[in-house]
Each structure stands twice: as structure tokens, then as C-alpha cells.
Protein chains: 2
Amino acid sequence: MDLFVKIFKALGEPTRLKILRLLAVRPMYVCELESVLGISQPRISQHLRVLKEATILRETKEAQKTFYMINGDIMETSLGDFLEFLRVDLRDLPDFKEESLRMEKLDQDSCVISCKTGQGSDLQNA
Amino acid sequence: MDLFVKIFKALGEPTRLKILRLLAVRPMYVCELESVLGISQPRISQHLRVLKEATILRETKEAQKTFYMINGDIMETSLGDFLEFLRVDLRDLPDFKEESLRMEKLDQDSCVISCKTGQGSDLQNA
DNA sequence: CCTCCCTATAAGCATCTGCTTATATAATAA
DNA sequence: TTATTATATAAGCAGATGCTTATAGGGAGG
């Protein structure tokens, strides 16, 4: 889940989306991105770092230049994984261990209509 | 592009991802989410609003309760659209009109190795 | 009516984020 | 060496974000 958050956070910024879209055309040097985007070099470097730390990009050093490219089929893969994450049984997700139990308890008590009551019966098990 | 940013920004937050994952099991009332997640009601309401404004969720009012659910197949659709957005020709994206031109110019001048020079020839057209 | 229940919203606060300017680092060229 | 090119990083600041506490408002039931 943490990786999904990191990836989505990286994608949820207009400048970074633009960089990603340009690198989808072809890998580029930082200075090329600077020319094409028309924004400052530090600004680009900072966004590239975020995208790289989210495993979306990877880099290759060439002399003084740095060549940035999309990390393989990361987008297809990770977005596919995310849809799968939404589909699988909640009990199979370690991050949702407690939530899974509370939800089953809640479904058992489905005869109880009030939320307040449901919460009460839940607290008995907390 | 703005919608993509909005969607990814909404997804790039752990609490919201958890809410989304729970609603992938079944639609729920706010008070149910409160019980299952074990976090405060205002906190949930605020996150629900963000997800709703990103078109990820929709709501149905039932008396005092509000029923939240995932907005159809929004995730499959929008993530598919995003992959398509990364694939299409840059010139077909209105948001990349200027970038598209600058990039073509940059590719024309590919004989010029230096970024500095490339930037110079680009500025001639600015 | 009055009182809960459910939800939304507002205010205040601490943290995070993205930008600019300035500087550091490293490789290349003169 | 000194200067230049390419990139990364740091500092500082304004605005955004997420949380808590408090409150508002609408419906249900006594």
C-alpha cells in the first residue's frame, strides 16, 4: 500500500505528469526537459527525484549528463497491481487485518440497524 | 490532465486509499466506515469529500445517513484512460501544444549535441 | 416541541509541498 | 589550471494538506 501511495502522490502533480508524459515519447536529458518544458532546472531536478523515488523513473549517467527514462512498464504493471489490490479479498491484505475483522463483525450484526449500536458491539471486541 | 491530477492526488493518501479499499468490498455508511477504520468522523467525512470531488466516489442520501460507493468502474476506466494518455501522440494532446513544438524542434537539431546550444536554438522560436 | 443520531463544516494548528535563488559537485574544454 | 556545462542540493518562503476540536444542521423519535 505504501508503494501505491508513493506512486499516486508522485503522479498527483501537474509538472510531474508533464515530465512523465514527455519521457513517454522518449528518454531525455535533464537539459532537454528544461528546454521543452521551459521551466527552471532545479524545479525539474526536484520533480525527477520524486518520480525516481517512486520507482517510476530510472536514470543513466552519461558524463556530465543524466539520462532519464520511464522504468520499464512500471505504469502498466503498477496500475494493474492496484486494480488487483482493489479486487482481492480484504482478508488477504496484511494492511487490513484489523479492518477485516471489524468489518466481518459489522456484517454479522447486520440485524442491528443503528450505527451507534454497531459501534458499541464493535467496542466489545476492541 | 487536470482530472488525472485530481484523481491521483486523491489516491495518494493512505487514509483515502483505505477508505477506497473498504468501499471496494461494498458500499457503506459513514458511521460504518468510522467503526471499521476506528478513526474520527470528521476525518472520514473530509476524505470522502476529496474522493467524491475526484469523481471516485458517489453518495446516496438515506434519511440521516449517507451511503458512499465507488463511482461505477471509475478506477478501471480512468487508469485505462491514463495509460492511453501516455501512449497517444504528443501532438494530439492540447495540454502539450507548446511542448510538442519545442520537442520537434529539439529533435530536428539533434546534430547539435550541447543542451546549451539546443536551448539557444529553441529561444529563437520563443 | 425537545432530544438524539448522523453527517458536514469551520477554525486552528503543525506539517508537508513546490517554487525560487543560491550554491555545490562533477565532468569537460580551453 | 581556469572556465564552462550539466545536474544536484540547500535554504527560505508561501501556500496546501491533514488532523483535532468544536459546532451546525437535518432527520427520527419521544
message: Measure CG/A:Leu51 against P/C:dT17 and give the value in whole Å, please.
response: 14 Å

message: Angle between ring planes, A:Phe8 versus A:Phe82, binned at 30° and 60°: parallel, tilted or perpendicular?
response: perpendicular

- request: Check every atom of D:dA8, D:dG27, D:dA6 against the side chain of A:Tyr68 and return the nucleotide holding the closest atom.
  value: D:dA8

- request: Take the protein atom CG of A:Leu17 and the nucleotide atom P of C:dT17, then report the distance between them rounded to whole Å.
  value: 17 Å

message: Between C1' on C:dC19 and NZ on A:Lys18, what's the gap in Å once rounded to a whole number?
response: 16 Å

statement: Closest to the side chain of A:Ala63, out of C:dT28, D:dT7, C:dC6, is C:dT28

query: Roughly how many Å is it from NZ in B:Lys52 to C1' in C:dT9, rounded to a whole number?
result: 12 Å

Other residues, nucleotides, ligands: >12 heavy atoms within 6.0 Å of B:Asp2 CG: no

query: What nucleic acid atoms does B:Lys9 come within less than 4.0 Å of, heavy atoms only: base, sugar-phosphate, or nothing?
result: sugar-phosphate

- line: Taken to the nearest 0.5 Å, the spacing of A:Lys52 NZ from A:Asn71 CG works out to 12.0 Å

Sub-6.0 Å ring centroid separation between B:Tyr68 and B:Tyr29: no

message: Before you tell me yes or no, could you show the steps for B:Glu84 and B:Arg87 under salt bridge (charged side-chain N to carboxylate O under 4.0 Å, His left out), namely the whole-Å CA-CA distance, both residues' side-chain angles and the distance that decides it to 0.1 Å?
response: CA-CA 5 Å; B:Glu84 182 63 16; B:Arg87 263 193 297 263; 3.5 Å; yes

Atom pair distance, as rounded to whole Å: CD in A:Glu13 and C1' in D:dG15: 13 Å

- request: Round to a whole Å and report the spacing from CG of A:Leu33 to C1' of D:dT7.
  value: 12 Å

- line: Sorted by number, residues from residues 38-49 of chain A placing a heavy atom under 4.0 Å from DNA chain C are A:Ser40, A:Pro42, A:Arg43, A:Gln46, A:His47

- request: Take atom NZ of B:Lys65 and atom C1' of C:dT7, then tell me their distance rounded to the nearest Å.
  value: 12 Å

message: Looking at A:Arg91 and A:Glu104, is there a salt bridge between them, counting it only when a charged N and a carboxylate O are closer than 4.0 Å?
response: yes

message: Check B:Asp95 with A:Lys18, please: is the shortest side-chain N to carboxylate O separation under 4.0 Å?
response: no

- prompt: Counting side-chain heavy atoms from C-beta on, which of D:dT7, C:dA8, C:dT28 comes nearest to A:Gln64?
  reply: C:dT28

query: So what does B:Glu32 touch, heavy atoms closer than 4.0 Å: a base, only the sugar-phosphate, or nothing?
result: nothing

task: Can you tell me the distance, in whole Å, between the CZ atom of B:Phe67 and the P atom of C:dT7?
output: 11 Å

- prompt: Base, sugar-phosphate alone, or nothing: which one does A:Glu62 contact when heavy atoms must sit under 4.0 Å apart?
  reply: nothing

